[in-house]
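All figures in this text were calculated on a predicted structure; none of them were measured in a lab.
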Amino acid sequence: MTTVRTRIAPSPTGDPHVGTAYIALFNMCFARQHGGQFILRIEDTDQVRSSRESEQQIYDSLRWLGIEWDEGPDVGGPHGPYRQSERADIYKKHADLLVKNGHAFPCFCSAERLNEVRAEQMANKQTPAYDGYCSHLDPAEAQKRVDAGESHVIRMRVPTEGVCVVEDMLRGKVEIGWDRMDMQVLMKADGLPTYFLANVVDDHLMGITHVLRGEEWLPSAPKLIALYEYFGWEQPTLCYMPLLRNPDKSKLSKRKNPTSVTFYERMGYLPEAMLNYLGRMGWSMPDEREKFTLEEMIEHFDINRVSLGGPIFDVEKLSWLNGQWLRELSVEAFAEAARNWAFNNDYLMKIAPHVQGRVETFSEIAPLAGFFFSGSVPLDPELFKHKKLDEKQVRQAMQIVLWKLEGLRQWNKDGITACINETAELLELKLRDIMPLMFASITGQASSVSVLDAMAILGPDLTRFRLRQALEMLGGASKKEVKAWEKLLK
């Protein structure tokens, strides 16, 4: 009997997403329930946006939740390397095989030509797609150009007629027309693969038997199925999980809901409660109970109990569930959990140097530094009234600082300062013009300890969350304003 092997393949390009944790949890439960293995693979072929800091955050956030893997970059295993950036030779070999067998071809089209084709198709009310220009090149001539070092990508050939039948564990047979498929790029000009080639090759070579992934990938399933056929490989069983939704049913996004796992850790949620809540996303225990442990979920797990209705990620419901977990702790366990959360020695030692020189008695610590131990802070609209800037300029400055901080991968005081300085220069202001807005947003006070140091200590999740809350309190940014302000960043 084949051993069940599942995997999660996150990209280390930003904060660890609750959607990643949700898919990881279901993959792990499915594997454990069948006595199989769960693998973590890092999809870091986007060399510009990928970082080892983000990769470490993925490990830390999943482990905080209690999700463990049997093989991966940090634990090793027989099918390594488990970082896609370290497997370039493997992908090249398989891409070359597809070209040799006529299932793929080199494409030499420039970005300019592709943009022109796309613009023309859109003007004619057609779906933008590659027009097959290089697919008709003589293979020998194309190879000569490749050998001469001409820049190119590798594209796959796809049928143009008929339908592909996708067997999905949750939906049964799903028919998708081949006319909706593009001639997908498999290898980029930098020699690294795209998602499609890398995932098919890795899943096969790593012996993955079941692929549980988000339903946003269902429309492109025929391309993956075609690649399995081109290679002559048996495809894994496919399962497309429903996407997490905001309370308004839109796709979960950080604009409407905090989406980073580390945000919930910093806010003081218990990992057991968070995992319990993710487990309830579109799935239920046989007895419908709301509170259950990971062990209980694995014991009773049945993929057929997953509901296709988009599960709502409701922070209020999560907080309620977390409260149930907190109240069932012993007083000693509650005190220990609180100590581990924010009253641990490491965190206090970061704060102490900034507080010590500003107090005369210990009783002054809480009023001065209470914001270090809060999720959100009380916001006073009066503190955002600016001597130099009008209300719109205040919102503009805060929005641009927030955008810059969202793109900051190395979170430290210098990086934070640079983001605020860049915003000031962009708006022809001085740093001192923006700092009062930072104090009001981050500390809820007109003055406090160094707000730049405070932002570094609080971390990216709480800092960005508080800035978003302050912006919302001030009315946010309209679509028109967002469009205009984004142009300033280009």
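A salt bridge does not link Glu120 to Lys125: none of the charged side-chain nitrogens sits closer than 4.0 Å to a carboxylate oxygen. In summary, Asp131 and Arg113 engage in a salt bridge, as defined by a charged side-chain N under 4.0 Å from a carboxylate O. Here Arg464 does not pair with Glu406 in a salt bridge; the nearest charged N to carboxylate O distance is not below 4.0 Å. Looking at Arg7 and Glu43, no side-chain N of the basic residue comes within less than 4.0 Å of a carboxylate O on the acidic one, giving no salt bridge.
Taking the side chain as every heavy atom from C-beta outward, Lys317 and Arg280 approach each other to under 4.5 Å.
Gln47 and Asp190 share no side-chain donor-acceptor pair at under 3.5 Å. Counted by atom type alone, Glu272 and Asn276 present zero donor-acceptor pairs between their side chains at under 3.5 Å. Side-chain N/O atoms of Asn246 and Ser250 include a donor and acceptor closer than 3.5 Å. Using modelled atom types, one finds no donor on one side chain facing an acceptor on the other under 3.5 Å when comparing Arg213 with Asn27. Donor-acceptor pairing under 3.5 Å is recorded for the side chains of Tyr59 and Glu55. Side chains of Asp74 and Tyr82: no donor on one and acceptor on the other come within 3.5 Å. Side-chain contact, Arg409 with Ser54: a donor N or O sits under 3.5 Å from an acceptor N or O. For Gln396 and Glu481, the side-chain atoms include no donor-acceptor pair closer than 3.5 Å.
In this structure, the ring of Tyr277 has its center no less than 6.0 angstrom from the ring center of Tyr269. For Tyr195 and Trp217, the distance between ring centers is under 6.0 angstrom. Not less than 6.0 angstrom separates the ring centroid of Tyr91 from the ring centroid of Phe196. Ring pair Phe343/Tyr347: centre-to-centre distance not below 6.0 Å.
Classification of the Phe108-His152 ring pair by plane angle, with boundaries at 30° and 60°, yields tilted.
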